[in-house]
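Shown next, in structure tokens, is the structure this report addresses.
Values below: every heavy atom of this structure, side chains too, minus hydrogens, waters and symmetry copies. Order of the sequence lines fixes the chain letters, A, B, ..., with proteins taken first and strands second; residue numbering starts at 1 for each chain.
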Protein chains: 2
Amino acid sequence: MKVLLVEDDLLLADGVQVALSRKGYAVDHVTRGKDALSLVSSEDSCPDLIILDLGLPDMDGLDLLPKIHQKSAADNFVPVLILSARDALPDKVAGLDSGGDDYLTKPFEVAELLARLRVLERRAGNRTQTSQSATIALGPVSLNTSNHRMRLNSGEEIELPRREFSILRILMENPGRIYSREQLNSKLYNWENDVASNAVDVHLHNLRKKTGADFIRTIRGVGWLVEKHP
Amino acid sequence: MKVLLVEDDLLLADGVQVALSRKGYAVDHVTRGKDALSLVSSEDSCPDLIILDLGLPDMDGLDLLPKIHQKSAADNFVPVLILSARDALPDKVAGLDSGGDDYLTKPFEVAELLARLRVLERRAGNRTQTSQSATIALGPVSLNTSNHRMRLNSGEEIELPRREFSILRILMENPGRIYSREQLNSKLYNWENDVASNAVDVHLHNLRKKTGADFIRTIRGVGWLVEKHP
DNA sequence: CTCTCTCTTAATTTTCTCTTAATTCTGTCC
DNA sequence: GGACAGAATTAAGAGAAAATTAAGAGAGAG
């Protein structure tokens with residue numbers, strides 16, 4: 001899950017970045033609006049979520065919002081969480097009405113930011129699904145996205161390491177969709193160009209020990225998917 | 001736009017109701033969880049948005065959330081904005097993770113409530129299915145180009161190897177058009193004039209085992225095609 | 001600072017796909 | 001009918017992609 005953090009306060013940005021990557025997000029951080037725009041337009045490193053600070057040096061964050069929505073077409077709509085020191089009512093209203101999907105005022109607690117991100121995620125990802133809680137259930141496997149635990153059938157709940165969790169979540173959020181090795185790589189890591197790594201393969205292997213061998217299917221030459229379960 | 005307000009504080013509820021109806025919302029107000037549930041399940045008076053107070057007399061609002069989602073099927077998903085006096089972090093996180101789409105703590109300003117409702121509305125509207133079926137169906141054969149699988153009549157879905165898939169896709173994307181061996185070669189590989197390779201022939205042969213012998217027709221001396229099917 | 005768990009790398013094995021090449025089949029033309 | 005060319009069939013070896021394994025590097029927790 002790739003998050004784009006648009007924030008010019010380096011100290012804050014670092015804190016958020018650490019917290020997010022600890023949860024398995026891949027974080028791209030930029031300080032300027034124009035950099036954000038170019039990332040949104042890019043095919044491969046387009047983020048799944050955007051955290052947008054309104055107080056940017058080069059442009060007003062509010063002006064950025066419509067541009068972001070313009071770039072990200074309807075089919076790959078990217079939700080935006082606004083982060084702002086402006087806690088006055090008109091600012092909130094303006095932010096939300098300009099296209100923000102949520103509005104959090106500084107100072108904030110990281111746990112709340114994370115929870116609100118999960119809401120946006122599940123909205124964006126689970127379009128086809130009825131479950132709107134923090135757990136995704138698909139066939140024999142259910143995955144709790146807030147505590148990173150999975151359960152096979154009615155077995156024990158076990159905790160997944162970060163990378164394994166990220167991969168499983170990506171696959172389970174879009175059942176039936178194939179993700180290539182490159183796609184998974186770009187969602188797991190920041191602007192990588194490391195072509196020759198089989199880290200994803202190894203994580204998949206370890207995941208299959210936990211989900212059962214058949215849950216994650218391989219489409220040879222293309223990628224991996226989990227089936228849509230009835 | 002119909003809003004269901006689940007709130008036992010009558011004074012507050014009245015204020016919200018007035019504000020909402022002034023903005024053109026139709027408001028149903030109930031004070032108990034079970035009443036909310038029955039409204040959600042009802043066919044005709046199912047709301048478009050729910051504002052849920054967590055401190056209800058008859059049941060915990062958090063227990064209500066999954067039930068609401070259960071009742072409202074995937075096609076008419078109803079977003080829930082949680083309203084609560086509990087402003088502690090764990091409460092917020094629990095609320096959002098249980099399926100809440102936003103969390104507003106009391107006391108709040110009505111303008112912010114309205115702005116956040118607009119966000120939920122907007123998002124619900126954006127809920128257009130993105131899963132455009134990328135399948136080409138032609139006569140007895142249908143080919144899913146996103147997961148590289150084909151189906152013959154109503155049989156099993158089977159996966160096609162890469163080269164076979166490419167060939168079948170080319171042929172099925174332009175039914176009625178004839179492709180020569182050279183054309184297929186040049187589409188499959190980047191070299192045009194490999195003189196003596198019958199790799200394409202072999203792939204076609206293997207394809208015909210899966211599509212039935214007649215699906216891909218041979219025009220002797222020219223190439224291959226699949227018919228336009230009515 | 002040390003210990004433990006996680007992540008990545010890299011080598012190896014396994015599995016399946018692709019191509020080659022030899023052979024048979026089929027239609028066409030003289 | 002016979003000869004020819006193009007296409008179909010078949011089997012086997014080469015090749016590529018993925019799975020597996022083990023070990024060392026790295027990050028977090030105490």
Side-chain angles (χ1 to χ4, degrees), chain A residues 14-15 17-27 110 148-150 158-168 171 178-190 192-226, chain B residues 148-150 158-168 171 178-191 193-226:
Chain A
D14 190 55
Q17 192 160 7
V18 167
L20 288 178
S21 39
R22 206 169 278 177
K23 288 292 180 182
Y25 293 92
V27 184
V110 172
H148 293 204
R149 286 172 202 226
M150 65 153 284
I158 57 174
E159 195 159 335
L160 293 180
R162 278 189 287 287
R163 299 259 115 109
E164 289 177 29
F165 168 75
S166 296
I167 292 174
L168 187 57
L171 293 175
I178 303 182
Y179 288 87
S180 68
R181 176 183 284 100
E182 292 72 33
Q183 284 175 310
L184 290 178
N185 263 323
S186 85
K187 284 198 181 291
L188 250 52
Y189 310 99
N190 307 341
E192 49 58 67
N193 353 348
D194 186 24
V195 273
S197 165
N198 69 339
V200 166
D201 300 62
V202 178
H203 291 311
L204 282 165
H205 173 66
N206 292 327
L207 265 175
R208 293 212 251 230
K209 287 182 192 162
K210 296 164 185 168
T211 63
D214 301 336
F215 186 67
I216 299 172
R217 294 199 44 201
T218 303
I219 308 294
R220 187 166 256 257
V222 189
W224 296 270
L225 83 163
V226 313
Chain B
H148 290 212
R149 289 179 194 161
M150 64 153 285
I158 57 173
E159 269 160 39
L160 294 180
R162 207 167 62 243
R163 297 262 121 106
E164 288 177 29
F165 170 77
S166 300
I167 292 175
L168 187 56
L171 294 175
I178 304 178
Y179 288 88
S180 67
R181 181 193 330 280
E182 291 73 33
Q183 283 176 308
L184 290 178
N185 262 323
S186 78
K187 281 192 181 291
L188 251 52
Y189 316 97
N190 290 329
W191 30 270
N193 43 6
D194 180 76
V195 273
S197 166
N198 69 338
V200 165
D201 300 61
V202 177
H203 291 312
L204 282 165
H205 173 65
N206 291 327
L207 266 174
R208 293 210 252 231
K209 285 182 194 163
K210 296 164 184 167
T211 64
D214 302 334
F215 186 67
I216 299 172
R217 285 192 48 200
T218 304
I219 308 296
R220 183 166 256 258
V222 189
W224 298 269
L225 82 162
V226 313

Discussion item. Using every non-hydrogen atom in the two residues, find where A:S21 and A:V27 come nearest and quote the distance to one decimal.
Written reply: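 The answer is N-CG2, 4.3 Å.
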Discussion item. Just so I know, are the side chains of A:V222 and B:E159 near enough to count as touching, which here means a heavy-atom distance under 4.5 Å?
Written reply: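 Sidechains of B:E159 and A:V222: no contact.
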Worksheet item: Taking A:R181 for the side chain and A:V200 for the main chain, is one N or O donor matched with an acceptor at less than 3.5 Å?
Response: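 No, because the side chain of A:R181 does not come within donor-acceptor range (under 3.5 Å) of the backbone of A:V200.
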Item to complete: Return yes if some donor-acceptor pair links the side-chain N/O of A:S166 with the main-chain N/O of A:L188 below 3.5 Å, else return no.
Response: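 No: the side chain of A:S166 does not pair with the backbone of A:L188.
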Worksheet item: Checking all strands, does A:R162 fall into the base, sugar-phosphate, or nothing category for heavy-atom contacts under 4.0 angstrom?
Response: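 Counting heavy atoms under 4.0 Å across all strands, the contact made by A:R162 is with sugar-phosphate only.
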Practice prompt. For A:R220, report the nucleic acid contact type (base, sugar-phosphate, nothing); a contact means any heavy atom under 4.0 Å.
Written response: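 The residue A:R220 makes base contact.
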[X] [atom1] to [N] [atom2]: how many Å, rounded?
{"X": "B:E159", "N": "C:dC18", "atom1": "CD", "atom2": "P", "value": "12 Å"}
{"X": "B:L160", "N": "C:dC16", "atom1": "CG", "atom2": "C1'", "value": "14 Å"}
{"X": "B:N198", "N": "D:dA11", "atom1": "CG", "atom2": "P", "value": "15 Å"}
{"X": "A:Y189", "N": "D:dG26", "atom1": "OH", "atom2": "C1'", "value": "13 Å"}
{"X": "A:R163", "N": "C:dT8", "atom1": "CZ", "atom2": "C1'", "value": "10 Å"}
{"X": "B:D201", "N": "D:dA5", "atom1": "CG", "atom2": "P", "value": "17 Å"}
{"X": "B:R208", "N": "D:dT10", "atom1": "CZ", "atom2": "C1'", "value": "15 Å"}
{"X": "A:I167", "N": "C:dT6", "atom1": "CD1", "atom2": "P", "value": "14 Å"}

Item to complete: State whether the distance check finds a donor on one side and an acceptor on the other, under 3.5 Å, for side chain B:N206 versus base D:dT9.
Response: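 Per atom types, no contact qualifies.
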Would you indicate which nucleotide in [options] comes nearest to any side-chain atom of [X]?
{"X": "A:H205", "options": "C:dC7, D:dA7, D:dT20", "answer": "D:dT20"}
{"X": "A:V202", "options": "C:dA10, C:dT19, D:dA19", "answer": "C:dA10"}
{"X": "A:H203", "options": "C:dT20, C:dT8, D:dA7", "answer": "C:dT8"}
{"X": "A:P161", "options": "C:dT6, C:dA10, D:dA18", "answer": "C:dT6"}

Worksheet item: For A:T218 and D:dA18, is the shortest distance between a side-chain N/O and OP1 or OP2 below 4.0 Å?
Response: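 A:T218 to D:dA18 OP1/OP2: no side-chain N or O under 4.0 Å.
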Worksheet item: Under 4.0 Å between a side-chain N/O of B:W224 and OP1 or OP2 of D:dG6, yes or no?
Response: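 Answer is no, no contact under 4.0 Å.
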Item to complete: Have a look at A:W224 and tell me which of A:I167, A:I178, A:L207, A:L184 forms a side chain to side chain contact (heavy atoms under 4.5 Å, CB included) with it.
Response: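 For A:W224, the side chain to side chain contact (heavy atoms under 4.5 Å, CB included) test succeeds with only one of A:I167, A:I178, A:L207, A:L184, which is A:L184.
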